[in-house]
Amino acid sequence: MNAIHINSKLEWESMLQLCTPKETFNSPYGPYFFHHFDFWQFNSLIYFSGYSKEKAAGCTQYMLCQHDIKHLFVIGTSGGVDEKLNLLDVIIANETVIYDCIERLEYETTLFPEDFKTTLDISCLENKVLPEKTWIGRIATADQDIDASVRNLLMPHNVLVADWESGAISLIAKLNKVPITILRGVSDLPESGLSQEAQAQQYRSNTPKLMTRLVKEYLPLFE
């Protein structure tokens with residue numbers, strides 16, 4: 001069975017509108033339901049964790065223990081980092097890193113500790129024609145929304161986008177030896193002079209569009 005991990009409330013609300021489940025269930029972390037996509041042979045598990053690395057990691061481990069998950073998908077939104085990106089672009093992760101785990105006592109300080117880096121296998125896409133506005137690369141994770149200052153911090157380090165959860169989820173999947181695919185759309189682009197409310201409005205406006213795009217254009221690539 002494939003599983004789809006959803007993090008934010010707005011992403012979850014968008015997913016409910018796309019799938020219109022007849023019945024939902026509850027885990028310690030939040031609701032989940034089963035859904036049959038035309039492009040996949042069997043029913044899929046779709047579940048909500050809430051935001052943050054802590055909730056995302058815990059929910060991932062819980063669901064892997066409770067259900068026979070053969071492939072885990074993470075779909076949702078992110079803040080754009082790389083200057084070439086535009087709103088509504090989609091990133092397929094080939095690596096995740098965590099940038100708020102900082103070792104200061106025994107080792108040389110590094111922005112991305114090796115213990116929290118995860119490489120993702122996307123070889124199944126080698127012969128696939130990807131939709132326009134698709135990028136493949138590194139996603140950075142920390143328990144914070146990014147602003148212009150964080151974007152400037154990450155930009156020199158080959159980061160495409162940043163989010164709250166992907167690094168934690170991919171690490172748990174790796175430890176459990178479960179294949180994982182991470183698809184993140186660019187919902188907002190922090191810039192100097194852009195107010196917090198304006199950035200939040202970008203996120204609110206673009207999230208439903210991105211969730212529709214991810215479900216209809218990207219998930220079928222993994223049939």
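One-based numbering along the sequence shown.
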(request) Please tell me if the side chains of I6 and M211 come closer than 4.5 Å, counting only heavy atoms from C-beta onward. (result) yes
(request) Taking side chain to side chain contact (heavy atoms under 4.5 Å, CB included) as the test, write out the residues that go with K209, two or more places apart. (result) L88, S205, N206
(request) Verify, without hydrogens or angle tests, whether N176 (side chain) and V178 (backbone) share a donor-acceptor contact under 3.5 angstrom. (result) no
(request) Over all heavy atoms of both residues, which pair between N7 and E11 is shortest? Give the atoms and the distance, please. (result) N-OE1, 3.4 Å
(message) Checking the side chain of E54 only, and the main-chain atoms of A56 only, is there a donor and an acceptor separated by less than 3.5 Å?
(response) no
(message) Membership question, hydrophobic clusters at under 4.5 Å side-chain separation (ILVMFWY): are I75 and F39 in the same one?
(response) yes
(request) Would you list the pairs meeting side chain to side chain donor-acceptor pair (under 3.5 Å) in which at least one residue belongs to residues 157-169, sequence neighbours left out? (result) T141-D163, D145-W164, D163-S166, D163-R184, E165-R184, S166-R184
(request) Give the C-alpha distance, both sets of side-chain angles, the deciding distance and a yes or no for side chain to side chain contact (heavy atoms under 4.5 Å, CB included) between L160 and K84. (result) CA-CA 9 Å; L160 290 180; K84 64 176 173 283; 3.8 Å; yes
(message) Distance check, rounded to the nearest 0.5 Å: S44 atom OG versus I46 atom CD1?
(response) 6.5 Å
(request) Would you check if F34 and P21 make a side-chain contact, meaning some heavy-atom pair closer than 4.5 Å? (result) no
(message) Using only atom types and a distance under 3.5 Å, with no angle test, would you say the side chain of S187 pairs donor to acceptor with the backbone of S78?
(response) yes
(message) Working note: F48 + M15, criterion side chain to side chain contact (heavy atoms under 4.5 Å, CB included); need CA distance, chi angles, decisive distance, verdict.
(response) CA-CA 10 Å; F48 173 75; M15 202 68 180; over 6 Å; no
(message) Centre-to-centre under 6.0 Å for F33 and W12, is that the case here?
(response) yes
(request) Give the minimum heavy-atom separation between L85 and G80, together with the two atoms involved. (result) CD1-CA, 4.3 Å
(message) Return the CG to CD distance between N2 and Q41, rounded to the nearest 0.5 Å.
(response) 11.0 Å
(message) Please determine whether residues Y29 and L45 belong to a single hydrophobic cluster, defined as Ile, Leu, Val, Met, Phe, Trp and Tyr linked transitively by side-chain heavy-atom distances below 4.5 Å.
(response) yes
(message) Side chains of L219 and L183, heavy atoms from C-beta outward: is any pair under 4.5 Å?
(response) yes
(message) Testing the basics here: between I180 and L120, what is the closest heavy-atom pair and its distance to 0.1 Å?
(response) O-CD2, 3.8 Å
(request) Indicate, with yes or no, if F37 and V90 share a hydrophobic cluster defined by side-chain heavy-atom contacts under 4.5 Å among Ile, Leu, Val, Met, Phe, Trp and Tyr. (result) yes
(message) Rounded at 0.5 Å granularity, tell me how far NZ in K55 sits from CG in D143.
(response) 11.0 Å
(request) Check ring pair (Phe, Tyr, Trp, His ring centres under 6.0 Å) between W135 and all other residues, then give those that pass, not counting sequence neighbours. (result) none
(request) Scan side-chain atoms only and decide if D100 and Q144 contain a donor-acceptor pair under the 3.5 Å cut-off. (result) no
(request) Verify, without hydrogens or angle tests, whether S170 (side chain) and G167 (backbone) share a donor-acceptor contact under 3.5 angstrom. (result) yes
(request) Calculate, to the nearest 0.5 Å, the distance between atoms CG and CE belonging to L72 and M63 respectively. (result) 10.5 Å
(message) Under the criterion side chain to side chain contact (heavy atoms under 4.5 Å, CB included), I'd like the reasoning laid out for S14 against T207: C-alpha separation, chi angles, the key distance, then a yes or no.
(response) CA-CA 8 Å; S14 299; T207 293; 4.2 Å; yes
(request) Please check if atom CG in N26 has more than 12 non-hydrogen atoms from other residues, nucleotides or ligands closer than 6.0 Å. (result) yes
(request) State which residues pass side-chain hydrogen bond (donor to acceptor under 3.5 Å, both in side chains) with T134; sequence neighbours excluded, sorted by chain then number. (result) Y218
(request) Grab the two heavy atoms, one from L154 and one from A162, that are nearest each other, plus how far apart they are. (result) CD1-CB, 3.9 Å
(message) Could you check whether any side-chain heavy atom of P131 comes within less than 4.5 Å of a side-chain heavy atom of R213, counting everything from C-beta outward?
(response) yes
(request) Answer yes when K133 and E217 have at least one side-chain N-carboxylate O distance shorter than 4.0 Å, and no when they do not. (result) no
(message) Do V159 and I136 land in one hydrophobic cluster if side-chain heavy atoms of ILVMFWY residues count as linked below 4.5 Å?
(response) no
(message) Quick check on Y51: does its OH atom have over 12 non-hydrogen neighbours (other residues, nucleotides or ligands) under 6.0 Å away?
(response) no
(message) Applying side chain to side chain contact (heavy atoms under 4.5 Å, CB included) to F112 and C101, what does each step give before you reach the verdict?
(response) CA-CA 8 Å; F112 306 139; C101 295; over 6 Å; no
(message) Let me confirm one number: the CD1-NZ distance from I122 to K128, rounded to the nearest 0.5 Å.
(response) 12.0 Å
(request) Could you pull out the closest heavy-atom pair between R151 and D82, with the gap in Å? (result) NH2-O, 3.6 Å
(message) So, using ring pair (Phe, Tyr, Trp, His ring centres under 6.0 Å) as the criterion, who are the partners of Y62 when residues are at least two apart?
(response) none
(request) Establish, yes or no, whether a centroid distance under 6.0 Å links the rings of H67 and Y32. (result) yes
(request) Group every Ile, Leu, Val, Met, Phe, Trp and Tyr by side-chain heavy-atom contacts under 4.5 Å, then state whether L189 and V150 land in the same group. (result) no
(request) Please round to the nearest 0.5 Å and tell me the distance separating atom CD1 of I182 and atom CD of E95. (result) 11.0 Å
(message) Do T60 and H5 make a side-chain contact, defined as non-hydrogen atoms from C-beta onward lying under 4.5 Å apart?
(response) yes
(message) Taking the side chain as everything from C-beta on, heavy atoms only, tell me whether L111 gets closer than 4.5 Å to L153.
(response) yes
(request) Quick one: closest heavy-atom pair of K174 and T118, and the distance? (result) CD-CG2, 4.0 Å
(request) Enumerate the residue pairs fulfilling ring pair (Phe, Tyr, Trp, His ring centres under 6.0 Å) with a member in residues 72-104, sequence neighbours excluded, ordered by first and then second residue. (result) W40-F73, H71-F73, F73-F222
